[in-house]
Peer 1: 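Here it is: the structure, laid out below.
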Amino acid sequence: MKVGYPCINLSLNCRSSRKFRLKNYSENRLIDTIQNNLLCLKKILEFNYENKILFFRITSDLIPFGSHPIMTFNWQEYFKSEFREIGLYIRKKNMRITMHPGQYTVLNSKNQRVVENSIKELQYHTKILEAIGLDSTAKIITHVGGVYGDKKTSILRFIERYKKLNENIKNYYVIENDDKSYNVNDTLVINRSTEIPIIFDSYHHHCYNLGATTEEAIKKVFMIWKEKDGLPIIHYSSEHPLKGKCKHAEELDMTDFRNFIKKTNKYNFDIMLEIKNKEKSAISAIEYLMKDIRFNQNRI
DNA sequence: TCACGTCAAGCAGAT
DNA sequence: ATCTGCTTGACGTGA
């Protein structure tokens, strides 16, 4: 079991998600920004290793305008040695990496232009993982997409479009259940036709589950993960104590987390903590997990 | 230095 | 009709 957090490290004084406005685009600006972002990414990974955090989500903003038509610059080639160094570090330290394209990636959209942009976005994320040199245990995660008042047809549209994707995208691409449109059972329907792995999001499942328990959902989802995809991944968040149902928590609720870990003790998985205070929650979780055999067996 | 309007992009649900 | 939230606020202008 590896513990991770998404995109931003609040303890370091750098961000790997620096960007700029489209109207200010220039190759120099692009190179400077990517250089900064890659340097910061390396610092974050080093911080993570020192704190036993071996799981991390790389920000989609690593390469500004990475999937935009304006981008013709060959950043993979230009930053080859930087990516290679990051890749060597990740593999040496036995780390796991994911990425999570944003809300504009809608593979099952009814608008063909949106579909094309979504494929470009998946290609862009794939390029990053390939530049770093990661195998198919690294993952790119999206939700299923829109419902458009007809979930059955929208699921079929997702399946069709997924099947047409290039193999190098499929190598990394996985889906997760969301909080209002596609629940775990919906993603399992898609899996049956595509074999696409599914990430179980505990917080989304809490919001949208149609009566299925966490244990039932995890059991079904974990069965479909294959050796080449690595350990199953869980996305976890506590509920915000004041804002109520389906609001992300500012900090990890340790009581809830301990219950979740106990409840899932039959399984081994990697867990991404989607909590607003980022690495602080990961460090608290690891402190608790230090005596858990699942946590220790994955470390080197 | 800080306030604040805006930023490449989609969709669903609430107001 | 307009606003908000989503995996994540940051950029850039003007005072």
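Per chain, numbering begins at 1; letters A, B, ... match sequence-line order.
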Peer 1: If you measure from the P atom in B/dA8 to the same atom in C/dA1, how many Å do you get, rounded?
Peer 2: 27 Å
Peer 1: Send over the distance from A/L273 CG to C/dT8 P, rounded to a whole Å.
Peer 2: 12 Å
Peer 1: Grab the CG-P distance between A/D179 and C/dT4 for me, whole Å please.
Peer 2: 18 Å
Peer 1: Do the rings of A/Y288 and A/F257 sit parallel, tilted or perpendicular, given the 30° and 60° boundaries?
Peer 2: perpendicular
Peer 1: Between B/dA8, B/dG10, C/dT8, which nucleotide gets closest to the side-chain atoms of A/R113?
Peer 2: B/dG10
Peer 1: Given the P atoms of C/dT8 and C/dG12, what is the spacing between them in whole Å?
Peer 2: 23 Å
Peer 1: Identify whether any heavy atom of A/K120 sits under 4.0 Å from a base atom; if not, whether one sits that close to sugar-phosphate; answer base, sugar-phosphate or nothing.
Peer 2: nothing
Peer 1: Does one side chain, of A/Y208 or A/S181, offer a donor that lies under 3.5 Å from an acceptor on the other?
Peer 2: no
Peer 1: May I ask you to say what A/H235 touches in the nucleic acid, namely base, sugar-phosphate or nothing, with a heavy-atom cut-off under 4.0 Å?
Peer 2: nothing
Peer 1: Which whole number of Å gives the distance between the P atom of C/dC6 and that of B/dA3?
Peer 2: 24 Å
Peer 1: Quiz question: going by heavy-atom distance under 3.5 Å, is there a donor-acceptor pair between the base of C/dT8 and the side chain of A/R57?
Peer 2: no
Peer 1: Mind calculating the distance between CE (A/M71) and P (B/dA9) to the nearest angstrom?
Peer 2: 16 Å
Peer 1: Using a cut-off of less than 4.0 Å, is there contact between a side-chain N or O of A/N24 and OP1 or OP2 of C/dG12?
Peer 2: yes
Peer 1: So, does A/K52 use its side chain to make a donor-acceptor pair with the main chain of A/Y49 at under 3.5 Å?
Peer 2: no
Peer 1: Is there a side-chain contact between A/R18 and the phosphate of C/dG9, meaning an N or O under 4.0 Å from OP1 or OP2?
Peer 2: no
Peer 1: Would you mind reading off the distance between A/L22 atom CG and C/dG12 atom P, rounded to a whole angstrom?
Peer 2: 11 Å
Peer 1: Of A/K278 and A/K19, whose nearest nucleotide on DNA chain C comes first from the 5' end?
Peer 2: A/K278
Peer 1: So, A/T137 versus A/D135: side-chain donor-acceptor pair below 3.5 Å or not?
Peer 2: yes
Peer 1: Partner lookup for B/dG10, please. Criteria are Watson-Crick or G-U wobble with both distances under 3.5 angstrom; report none if nothing qualifies.
Peer 2: C/dC6
Peer 1: Measure CD/A/E116 against P/B/dA9 and give the value in whole Å, please.
Peer 2: 16 Å
Peer 1: Between the protein and nucleotides 11-13 of chain B, which nitrogen or oxygen pairs come in under 3.5 angstrom?
Peer 2:
{"from": "B/dC11", "atom 1": "OP1", "to": "A/S109", "atom 2": "OG", "distance (Å)": "2.7"}
{"from": "B/dC11", "atom 1": "OP1", "to": "A/Y148", "atom 2": "OH", "distance (Å)": "2.6"}
{"from": "B/dA12", "atom 1": "OP1", "to": "A/V147", "atom 2": "N", "distance (Å)": "2.7"}
{"from": "B/dA12", "atom 1": "OP1", "to": "A/Y148", "atom 2": "N", "distance (Å)": "2.9"}

Peer 1: Parallel, tilted or perpendicular for A/F158 and A/Y173, by the 30°/60° rule?
Peer 2: tilted
Peer 1: Would you call the rings of A/F83 and A/W75 parallel, tilted or perpendicular, taking 30° and 60° as the class edges?
Peer 2: tilted
Peer 1: Fit a plane to each ring of A/Y25 and A/F20, take the angle between them on a 0 to 90° scale, and name the class: parallel (under 30°), tilted (30 to 60°) or perpendicular (over 60°).
Peer 2: tilted
Peer 1: Expressed as a whole number of angstroms, how long is the span from A/K23:NZ to C/dC11:C1'?
Peer 2: 9 Å
Peer 1: Find the partner of C/dA15: check Watson-Crick (N1-N3 plus N6-O4 or O6-N4) and G-U wobble (N1-O2, O6-N3) distances, both under 3.5 Å, and reply none if neither fits.
Peer 2: B/dT1
Peer 1: How many whole angstroms separate atom CG of A/N277 from atom P of C/dT8?
Peer 2: 12 Å
Peer 1: So that I can tick it off, tell me whether A/E46 and A/K43 are bridged by a salt bridge, with the cut-off set at under 4.0 angstrom between side-chain N and carboxylate O.
Peer 2: no
Peer 1: When the nearest nucleotide of DNA chain C is assigned to A/F20 and to A/P6 on a heavy-atom basis, which residue is associated with the more 5' position?
Peer 2: A/P6
Peer 1: So, do A/Y104 and B/dG10 meet the stacking rule of ring centres under 5.5 Å and planes under 30°?
Peer 2: no
Peer 1: Quickly work out the A/R29 CZ to B/dC7 P distance and round it to whole Å.
Peer 2: 16 Å
